[in-house]
Amino acid sequence: MNTRYRWPGGFLLFASLLCAQQMQAEGMHPSGNMFRPLATPARLVSDLSELTVVICLAVFFVVAGLLAFAVIRFGWREGDSKSEPPQVYGSNQVEIAWTVIPILIVFVLSMATARVTSEVQNHKIPKDALYVTVIGHQWWWEFQYPDFKISTANEFHVPLSTMAQPKLTSLTLKSADVSHGFWVPQLAGKTDVIPNRTNSMWIDPQETGTYLGNCSEYCGTQHAKMEVRVIVDTPEQFDIWVKQQQAAAANSTLAAGQTDANQAAFLSSACIVCHTVNGTSAMGVVGPDLTHLMSRQTLVAAEVPNTAANLREWLKDPQKMKPGNKMPTVPLTDAELNQMVAYLTTLK
Amino acid sequence: MSTAASLPMNPPIDDARNFDKGKVGLISLILTEVSLFSIFVTAYIFYIGKSASGPQPVDVLTVPVWATICLLSSSLTAELAVRAVRQDARSRFLAFLGATILLGAEFMRQTAVEWNKLINTDHLTIATNVFGTTYYSLVGLHATHVVVGLILLLVAFLAALSGANVGKHEHRLHLLSWYWHFVDVIWIVVFTVVYVVGR
Amino acid sequence: MATEKQNAELTVDLPAPTVWPMVLALGVTLVFVGLMTNVIVTLAGVVIFLLAAVGWWRQVLPHEHHETVAMDGNTGPLALPAAIPVVHLRVGKQSSQIRTAPMDRPWAAGVRGAAVGAVAMAGVALFFGLVIRGSIWYPINLLAAAAIPSLATASIEQLKEFNATGLILGTIIHVCTSLLVGVLYAVMLPMFPRKAFWWAGVSAPILWSGLIASTMTLINPALSARVDWRWFVASQLAFGLTGGYVIARTQKIESRQNWPLAVRAGLEAPGVERPGEGDGTPGA
Amino acid sequence: MASISHPLDEGHGHSAARQKASFWSTFVDQWIITVDHKHLGLMYIIVALLFFVAAGIQGGLIRMQLMYPNNTFLSPQVFNEMFTMHGTTMVFFVGMPFIAGLANYLIPLMIGARDMAFPRLNALGFWITTLGGILLYSSYFAWTGSAAGTGGAPDVGWFAYAPLTEKAFSPGSSTDFWILSVMLSSIGSTVTAINILATALCMRTKGMTLSRMPLLVWMFCVVSFQILVALPPLTAAQIMLLLDRFMGAHFFDTNAVGDAVLWRHFFWLFGHPEVYILIIPGFACVTEIIPVFARKPIFGRAAMIGASVSIGLISLGVWAHHMYTVGLPSRANIFFSVATMLVGVPTGIKIFNWIATMWGGRIRFRTPMLWCIAFLFHFLLAGLTGIMLAVAPFDWQLGNSYFVVAHFHYTLIGGLLCTLFAGVAYWFPKATGRMLSEKLGKWHFWLMIIGFHVTFDGLHIAGLLGMPRRIYTYPAGRGWEGFNYFSTWGVAIQAVAILIFVWNVLDALIQGKKAGNDPWDAWTLEWATTSPPPEYNFAVLPEVHSSRPLWDLKHPEDPDWKYEQS
Ligand code: HEA
Ligand code: HEA
Ligand code: CUA
Ligand SMILES: [Cu+2]
């Protein structure tokens, strides 16, 4: 044993670097960085989290400092083997001191926690709030707007909330099968989506754009590919979107006698057992509503961009793109496949 | 025994204030069983009144007064049996132990009758509704403990009948009686929850 | 250590190896496996279980089964490393001329100091509320806003109104923190080398006021936005000065100031002698 | 050694005198049908290490899949099985047997007894736990159906949330394997806990009052209490789940009126105390090792006992901090936040006491001590990330993210694993009579620490950037790639470290330096017998007068009992 050990110093340095990085971690926009909040619930949480991190860092530096000092200062030296150090058994005073200080810290944190917890959970939902029902399915999201009677999947639009025009969106969370978790970090913390139980949360997004989120509760094979997108529109854009979603599906109102071969192919396939296209005989509820499929940015819970090629690939073998998902491979010839894609791409 | 010089595994130790290992073991076992039962009781209470369909407790449960009297009094006879051992009264011991077993068996018979009625007359099975689910599992768990107790009591009884020296096993019998009391106390809880609160 | 008679030919009874626990475990496992495969496996499991139970039973009843093992004869004292001398803390001696009772009940002193300090601090805060802001409830509500969201977002007018939860929570917060700090004072003050009163009365309150000021926006945004820092510091000083004074006096802390740290900190170690305990017995 | 005595033998159980037995019969006697606490203890530890390698390799495979975004190294199904098996194995078949092994080996030696209170029950516990592990792994060979999740290894995560585990969503038998093997392990742990309590309370040698009992034994008593109280909720919930799956009951059947949250309450009622069941034995090792290498008695012994007991009690009332996101009322969330943070107080007392023990000492940096220091550092960090998670609103963001994964690997590797390695390094000479190599030990130490940091430090940040746990793959461009890439390399370093450890052990067994009875100059009773100890532990049962009996023996002029209030 030649020198004394100085490694805790290295650790400390490393840890502080880490922490600095943690405070500044710069995500893309939109990112999943909880320290870049863009709605009130997320901001409240982020503020409290900063306080917590600061307190914990302070505790860390003090205690790690004591540890490092003890290790360095009282490390073994030449000649130490000749005697035993003084035997100290304890000290009531010191022990009381280091019991009381943590209690004080916990006390401070508890108050802040209590305030933020009830501020977020018990928030009064104003009368003019927009209500959206979020339904988790194995492995996709369904969104219903009871006020507008529209239904969409995996992506949903909400209006912007500004100081001048505050607009709060209240989400009602339900599950069709197992437990899921609804989590869009920049808007709010996560809330679980549990069968036989209705949860709720609220958001008031303060910047337009697309926000990414994931299912946050393990729900089976494809839990990884159960992403969600929240698209925040200006109030005007939002109204346009609602109007468009409320419209009946393309081609659904063809006059009698007129036929659309592509549509006929779709309506005579197994697809209608599971999917809905408003205004047609397709009224299944097992899979996503396809009425305005083409208005979405992505397909299959944000797995791939919404392009005709991807759509074709999906229909050809859903199990290849997203193994284990609940849509079976419907055997289709190439021609039929083309017809399907042709029809679906009209569903703007 | 064979080697007089041999040291016992656990020499009698005087001053360390050691406890009796049988008692510590049994109390630990009872502690963990209490924890187990409290979960089933919690589930029962949680689901009271939540069965949407199927038979409801008020309609099909009758308060098992006789069975309860049997089981509770069997605790008394078990206690008397242990006292008899202490006083080295062999036949009194056999009589009380026998009575304990009979009372326990009568309790089980009552349970069987009740279950038979529930299943065949009222068509309530464990799969019918959450009442059935929680009822059969809670009462069944308790009944399992009664059966285990009965087997142990029976073994003691047969051993005693076939001439074993009961006095030597006083400690074991004492512990067995503790277990039996525990099963009784649990019944009081189950009874209260199922037939009083839940009905 | 050797208390039993040493005898090279001693033997000892140890429980004999036995296969039954293992077989019993196998039985239980098979019962479980059967649930997933075939009842026959379960039945086999039950049979094995019963066999093992009986086997085990017969091994412990009526007598536990033992094997007798001879001891190696090496029952004498064991070779252990030679001990090296122990250095003693030598602190009691120099200060043994001081004869005061050791601090034995820090709680009592802390609670008393806390009570006095708490009243003084509240006094200042209420004075501020009443005289400067025109409502006695104002400071209480501000304090409670740390934990109550409705108060945290309330307007000044609302803060001046009486609020029952505010009063209760504000009082709880005030009492709890005062008590904790009081106890901390009682155990820490003796450890300061000199002028404990100065530490308790002035430095500490200023120190923690600074700490609080820097995190207040996060801990209690309402208070941080509305507080008058001069008055805040004044109320903290009121606590420190009165509470600290009471504690310092109660414990005769001043008179212990020239003792060595180890004694002041109440270390329990041979060599640290509590003044007043005579010389023979080391610290208790 | 002794021949197996047939149970039907007359003669009330004394087998005949020892005969010269064949190698195999000796082997069977000592390592299969033994009831000797030392052999069972070692068997437990060996089994735990074997499972550790299995679960560690699973951890490595998980990391390999996550090394790159959109990786296809493992299929989703296989990945899900992987983390389920990894978590289940690590908790139930590595952690639990390891601590059972330590308890078995050390407690009788430390309290001066010849064996555990119930030696045969002890054997039962070992075998039932081991068979449980084998049952779990046999699921890999079970029939695998065409649809996902019908056969093969369980894929429901180590906390197996209902209703994903119900027949409707998990057909086949994979979930049954999980339920039944974990149940076996629970039975084994319960048996061990009863045994530990009975041993510690009833078998202490002369003069060893409870206040003089080694802190390790005290902490194992707390752990045993927790096992007895906290395992039954899991067992009960699993029985209910079995009834659901096999008999159509509706406990957690959300298609009827069953409640999904009830399972979570029951599971975490077990699951939270479980993590303390895992760490308190670690605390116990550290508490024995630090004083010896700092050459001072533990600072604040009574406070240590008090802190352990209060951790044991408080931790029974904080379970819902795993459930902040299920939509409990705000009052409940606040209550559980505060209760959870309060656990930091007794834990803090311990950390401070350990540091104070080192303070003013003469710290010898041998491998056991290095592990202890590393433990202190890691556990401090792990505890503080725990406090962050305990703040309910913070947890709404952190929960089920990689931040949690990083938190608990800090507690489990930085905390538990470090202390277990400390324990192995410290007691290896006692158990085998040979010293481990310091040089290899230091290599093992440093590589493990570095590997661990490379693996898990960055994952905190990935979590803060919104990366959920239990995902078999993730898209590029969300800022997670770098952290995942480096993390995977860390495993390779850890693997090398573990291989060095294995090498060190084998090498020491074959040609290690002789240890002698008391190589560390320690103070508890296990060092007052030969290394390895004889079957009967102590030829003459020792008598003690203080909590450091060997100190008294070595320093007759300055014995501890002079300073201890009894
Ligand atoms: C050995 C295992 C272990 C240990 C010891 C701990 C210790 C702690 N854990 Fe951890 N935890 C796990 C293993 C462990 N945990 C696991 C496995 C999971 C995930 C399960 C799963 O979902 O799969 C988990 C998850 C988990 C969650 C849920 C996260 C989620 O899923 O949403 C939470 C939330 O509160 C939490 C908190 C804590 C706290 C507060 C402690 C405290 O005990 C820490 C106390 C220690 C300190 C605080 C440091 C020392 C103290 C001081 C220096 C004093 C001064 C400090 C202060 C006053 C702040 N843990
Ligand atoms: C004691 C507990 C313990 C320990 C020690 C570990 C050790 C490790 N764990 Fe742990 N882990 C858990 C308990 C533990 N884990 C739990 C409870 C979960 C939650 C499960 C769930 O969500 O249900 C989890 C989940 C978990 C995840 C998250 C999975 C997910 O959410 O998708 C990951 C991912 O990185 C991971 C990685 C690792 C790694 C790399 C190690 C490494 O430290 C392992 C190092 C060891 C070895 C590598 C083996 C020895 C080496 C060799 C024999 C050499 C040859 C090996 C190779 C070449 C690979 N674990
Ligand atoms: Cu849905 Cu995970
Ligand atoms: Cu926990």
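To find a chain, count down the sequence lines: A is the first, B the second, and so on, and within it residues start at 1. Quantities reported herein were computed from a predicted structural model and do not represent experimental measurements.
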Novice: Against chain D, work out which of A:Phe69, A:Phe107, A:Trp183 has the most heavy-atom pairs shorter than 4.5 Å and name it.
Specialist: A:Trp183
Novice: One thing to verify: whether D:Lys554 and A:Glu84 come together as a salt bridge, which I'm taking to mean a side-chain N less than 4.0 angstrom from a carboxylate O.
Specialist: no
Novice: Which answer fits D:Tyr472, side chain, backbone, both or neither, if we ask what part of it has an atom under 4.5 Å from a heavy atom of chain A?
Specialist: both
Novice: Check each atom of D:Ala162 against the heavy atoms of chain A and say whether the ones under 4.5 Å are side chain, backbone, both or neither.
Specialist: backbone
Novice: Where does D:Ala256 contact chain A at under 4.5 Å (heavy atoms): side chain, backbone, both or neither?
Specialist: backbone
Novice: Does the gap between the ring centers of D:Phe159 and A:Tyr218 come in under 6.0 Å?
Specialist: no
Novice: With only heavy atoms counted, which part of D:Pro329 is less than 4.5 Å from chain A, the side chain, the backbone, both or neither?
Specialist: backbone
Novice: Please flag which part of D:Ala390 lies under 4.5 Å from any non-hydrogen atom of chain A: side chain, backbone, both or neither.
Specialist: neither
Novice: Less than 4.0 angstrom from a charged side-chain N to a carboxylate O is my criterion; do D:Asp395 and A:Lys190 meet it?
Specialist: no
Novice: Sort D:Phe83 into side chain, backbone, both or neither according to what part of it lies under 4.5 angstrom from a heavy atom of chain A.
Specialist: side chain
Novice: Check each atom of D:Leu398 against the heavy atoms of chain A and say whether the ones under 4.5 Å are side chain, backbone, both or neither.
Specialist: both
Novice: What part of D:Thr473 is in contact with chain A, defined as an atom under 4.5 angstrom from a non-hydrogen atom: side chain, backbone, both or neither?
Specialist: both
Novice: Would you mind telling me which of A:Pro102, A:Ser200, A:Pro185 has the largest number of heavy-atom pairs within less than 4.5 Å of chain D?
Specialist: A:Pro185
Novice: Tell me, do D:Pro393 and A:Thr113 make a side-chain contact under 4.5 Å, heavy atoms counted?
Specialist: yes
Novice: What part of D:Arg469 gets closer than 4.5 Å to chain A, counting heavy atoms only: side chain, backbone, both or neither?
Specialist: backbone
Novice: Do the ring centers of D:Trp359 and A:Phe74 come within less than 6.0 Å of each other?
Specialist: yes
Novice: Identify which part of D:Trp551 has an atom lying under 4.5 Å from any heavy atom of chain A, answering side chain, backbone, both or neither.
Specialist: side chain
Novice: Is chain A contacted by the side chain of D:Leu380, its backbone, both, or neither, given a heavy-atom distance below 4.5 Å?
Specialist: side chain
